[in-house]
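Hydrogens, waters and symmetry mates play no part in the numbers below; they use all other heavy atoms, side chains included. Counting convention: from 1, in listed order, for ligands and their atoms alike. In this chain, residues are counted from 1 in sequence order.
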Amino acid sequence: MASKATMEHTEQAISVHKDPDILAAAARMAGEDLCSVADLSSAEVRAILKLGHEVKRNPREYRHALDAKQMVLMFEKASLRTRLAFETGINTMGGNAIFVDQTNAPLGERETIADVARNLERWVDVIVLRTYAHDTITEMAANSRVPVINALSDFEHPCQALADFMALEEHFGSVAGLNFTYVGDGNNVCHSLMLTGAQLGANVTVATPRGYSPDIEIVTIAREMAQAQGCEIRLLQDPQAAAEGADAIYTDVCVSMGMEHESTKRAPIFRPFQVNEALMSKAKSSAVFMHCLPARRNEEVTDAVIDSPQSIVFDQAENRLHAQKALMLLLLGGLANVSKFSVSAEQ
Ligand code: CP
Ligand code: NVA
């Protein structure tokens, strides 16, 4: 017998080109930026994930959707998943990616960010940025006529959170009412997970050491979203209490890129927040373990947990591709080139 999740996916496969969330998102998001998950409505988050599942099922139908579209990726920090998911994603939809390594030349140093934007928009169709300062991304977006996508800043990592909730939907069918627990540093990945979880109706619990809690602006926005979606956001400092009854336990490195000088200080502070078998045992027996990767094995998570059958970290990594393809399709108007969507528009 088909599982609930499989049946839902089959229904989506039949009607995706008529899905009101996807059609509305395609109309609203074309030409827009994605700097923060807060830029997206709940319906738009749902639409990206629905389209992500669809693209994952039927990749061939999208292979000309972005014909000749040019993407530039300018990264001030290292990347494996984000870069490769964008590059393979646009290449498999007919477009092209140009990677510019900014690790030794921060954006804004050689010329103003506004002037970089005014050049790039003359040549490319989309700008993908990985930066230290979040303002670099919003400033590029404010000065560019082509979409700008946040591929991670110190403040947010929207592409990661979209792929993560796509993986949770695959595993659980729906994430509404799911008890999602994040343990660790309350920074970029945590922020985007809080916002995405709230928009999808998941109960998000965050446990951080004192002094490492999420930004108050994100907490406020996430709580407003959660109220509208009938779920809740909890902030704790006790990882054991946060893990109690969880459906998913997520962690990230304790020392993010750019914070390496704090490694020695942070190690003892984050040690009680390690996700190990004892912490996982507080969660439901059906709980999954999640991590954005790269992982510092046996620091924030033990080998026993990340390599266990409960771990879905490589499903998350795989879904970076499909979620980012969906995002590109919506921001670049690519559905107009996909026959089942264009047929639907003529009806
Ligand atoms: N999770 C993630 O963004 O991985 P990369 O840093 O390798 O892109
Ligand atoms: N918080 C981590 C995420 C890496 C994908 C960092 O910013 O380095």
Side-chain angles (χ1 to χ4, degrees), residues 34-37 52 71-90 97 99-103 106 128-137 149-168 182-196 206-209 211-215 218 248-263 266-267 269-270 273-275 289-297 299-301 306 311-325 327-328:
L34 181 65
C35 300
S36 163
V37 178
M71 161 180 281
V72 67
L73 300 111
M74 303 179 98
F75 279 30
E76 294 178 344
K77 296 171 174 170
S79 174
L80 175 70
R81 283 147 288 272
T82 311
R83 174 181 174 180
L84 271 291
F86 271 119
E87 292 196 8
T88 55
I90 194 156
F99 183 77
V100 184
D101 181 356
Q102 301 279 166
T103 52
V128 178
L129 300 180
R130 171 165 282 203
T131 65
Y132 288 93
H134 189 70
D135 287 351
T136 303
I137 296 177
I149 300 177
N150 179 352
L152 181 145
S153 68
D154 284 345
F155 200 58
E156 266 207 64
H157 197 2
C159 300
Q160 179 70 51
L162 292 167
D164 294 336
F165 275 89
M166 194 179 148
L168 284 167
Y182 176 92
V183 177
D185 194 3
N187 68 343
N188 47 12
V189 170
C190 173
H191 289 164
S192 294
L193 289 168
M194 288 171 71
L195 296 169
T196 307
V206 174
T208 63
Y212 295 88
S213 52
D215 185 271
I218 295 285
I249 296 195
Y250 194 121
T251 193
D252 184 8
V253 288
C254 312
V255 181
S256 285
M257 291 181 278
M259 301 307 292
E260 291 80 1
H261 59 284
E262 290 195 3
S263 296
R266 286 179 176 234
I269 296 171
F270 279 88
F273 290 77
Q274 182 189 67
V275 181
F289 170 73
M290 304 179 77
H291 193 305
C292 52
L293 304 179
R296 291 267 177 193
R297 284 169 170 265
E299 290 185 20
E300 76 274 6
V301 58
I306 197 169
S311 172
I312 60 166
V313 299
F314 299 111
D315 295 333
Q316 296 172 250
E318 179 185 346
N319 285 345
R320 299 297 304 278
L321 172 66
H322 310 296
Q324 286 169 210
K325 282 174 80 170
L327 184 61
M328 288 186 266

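Proximity of a side-chain donor or acceptor of Thr251 to a complementary backbone N or O of Val183 within less than 3.5 Å is detected. For the pair Asn188 (side chain) and Ser153 (backbone), a donor-acceptor distance under 3.5 Å is present. At distances below 3.5 Å, at least one donor-acceptor pair connects side-chain atoms of His191 with backbone N or O atoms of Gly186.
Taking CG of Leu327 as the start and CG of Leu162 as the end, the distance is 6.5 Å to the nearest 0.5 Å.
Within a 6.0 Å radius of CZ in Arg297, other residues, nucleotides and ligands contribute more than 12 heavy atoms.
Side-chain atoms of Thr131 and Glu76 form no donor-acceptor pair, as typed in the model, at a separation below 3.5 Å.
Within 4.0 Å of ligand 1, protein heavy atoms belong to Ser79, Leu80, Arg81, Thr82, Arg130, His157, Gln160, Cys292, Leu293, Arg320, listed by chain and number.
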Distances for all N or O pairs of ligand 2 and the protein under 3.5 Å?
unit_1	atom_1	unit_2	atom_2	d
ligand 2	1 (N)	Asn188	OD1	2.9
ligand 2	1 (N)	Asp252	OD2	2.6
ligand 2	1 (N)	Ser256	OG	2.8
ligand 2	7 (O)	Asn188	ND2	2.8
ligand 2	7 (O)	Ser256	OG	3.4
ligand 2	8 (O)	Met257	N	2.8

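Heavy-atom minimum distance, Ile137 versus Cys35: CG2-SG, 3.9 Å.
Only one option out of Arg130, Gln324, Gln160 pairs with Thr82 in a side-chain hydrogen bond (donor to acceptor under 3.5 Å, both in side chains); it is Arg130. Screening Gln316, Arg320, His322 for a side-chain hydrogen bond (donor to acceptor under 3.5 Å, both in side chains) with Glu318, the sole residue that qualifies is His322.
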